[in-house]
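Written out below as structure tokens is the structure these notes cover.
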Amino acid sequence: MANSKLGRPSKERLAVLRNQVSYLLWYGRIETTVAKAKAVASKAEKILTLAINSYEDNVTVKKQITVDGKKVEKEVVNDGVKKLNARRKMMAFLYDFDEQRQEKEKLADFKARTDGVNHALIEKIFNVYAPKYAERAKEVGNFGGYTRVIKTSARRGDAAEMAIVELI
């Protein structure tokens with residue numbers, strides 16, 4: 001398609017993009033049509049750039065909590081202003097995924113691993129992808145190029161051009 005409307009009304013188009021970008025960032029690769037692949041890659045690059053520019057913005061705060069009737073001061077690491085804004089933008093666009101129990105993983109181990117994680121996809125973006133791509137940007141010397149679109153064969157049935165979008 002020549003334009004970026006993907007042949008759908010805007011609500012449907014945005015829902016498809018949200019879904020496919022969320023799946024791409026969760027699983028690392030998806031297969032779709034070429035037009036959708038280009039749109040998904042563009043949106044995923046913007047989200048990753050947002051995360052890379054703000055993932056180190058943390059603020060240490062001292063909080064008073066009550067333990068057994070005694071007030072105890074505890075240091076807590078919170079998101080800074082830039083990271084909080086980025087997190088909210090991502091949460092507004094992306095669909096969330098639940099962390100799955102691994103095969104042969106004990107329930108206690110699963111609960112320990114996922115304790116305190118409310119939005120698994122957002123945490124994965126900030127804790128896995130952002131440091132990885134920031135390091136890559138330092139080595140290569142420029143930002144961007146986090147996704148790759150590989151054209152594959154035509155889809156059987158309607159002969160639509162297919163492509164694989166993957167994170168590099």
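Residues: numbered from 1 along the sequence shown. Just so we're clear, the structure is a prediction, and the values are computed from it rather than from any experiment.
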Is there a donor-acceptor pair under 3.5 Å between the side chain of [X] and the backbone N or O of [Y]?
X   : Y    : answer
R13 : R8   : yes
E45 : G145 : yes
S54 : L50  : yes
N85 : V81  : no
D79 : N58  : no

Shared hydrophobic cluster for [X] and [Y] (ILVMFWY, side-chain gaps under 4.5 Å):
X    : Y    : result
V128 : Y95  : no
Y27  : F93  : yes
I150 : M162 : no

Straight-line distance of [X] [atom1] to [Y] [atom2], nearest 0.5 Å:
X   : Y    : atom1 : atom2 : result
Y23 : T32  : OH    : OG1   : 13.0 Å
M91 : D96  : CE    : CG    : 7.0 Å
L25 : M90  : CG    : CE    : 9.0 Å
L84 : K89  : CG    : NZ    : 11.5 Å
R29 : I168 : CZ    : CD1   : 12.5 Å
K74 : I65  : NZ    : CD1   : 5.0 Å

Give a yes or no on whether the ring-centroid distance for Y133 and Y146 is below 6.0 angstrom.
yes
Would you name the heavy atoms of [X] and [Y] that are closest together and state the gap between them?
X    : Y    : answer
Y129 : L48  : CB-CD2, 3.8 Å
A51  : I125 : CB-CG2, 3.5 Å
V165 : A37  : CG2-CB, 3.3 Å
E105 : Q102 : OE1-N, 2.9 Å
L167 : L24  : CD1-O, 3.8 Å
G80  : V59  : CA-CG2, 3.7 Å

Can you confirm whether [X] sits close enough to [Y] that some side-chain heavy atom of one is under 4.5 Å from a side-chain heavy atom of the other?
X    : Y    : answer
V76  : T60  : no
E75  : V61  : no
F143 : T49  : no
T33  : K36  : yes
K43  : L17  : no
I164 : V149 : no

Is E123 salt-bridged to R87, cutoff N-O under 4.0 Å?
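Looking at E123 and R87, the cut-off is met.
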Heavy-atom count around E161 CD within 6.0 Å, excluding the residue itself: above 12?
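At most 12 heavy atoms, drawn from other residues, nucleotides or ligands, come within 6.0 Å of this atom.
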Assess whether atom CG of D158 is packed by more than 12 heavy atoms of other residues, nucleotides or ligands within 6.0 Å.
yes
Given the ring of F126, does K83 sit roughly above its face, with NZ or CZ under 6.0 Å from the centre of the six-membered ring and within 45° of the axis?
yes
For the residue pair F97 and W26, does the interplanar ring angle fall in the parallel (under 30°), tilted (30 to 60°) or perpendicular (over 60°) class?
parallel
The test is side chain to side chain contact (heavy atoms under 4.5 Å, CB included); show your working for V72 and Q64 and say whether it passes.
CA-CA 5 Å; V72 179; Q64 286 189 352; over 6 Å; no
Go through the steps for V16 and Q20 under the test side chain to side chain contact (heavy atoms under 4.5 Å, CB included), then give the verdict.
CA-CA 6 Å; V16 167; Q20 290 196 340; 4.3 Å; yes
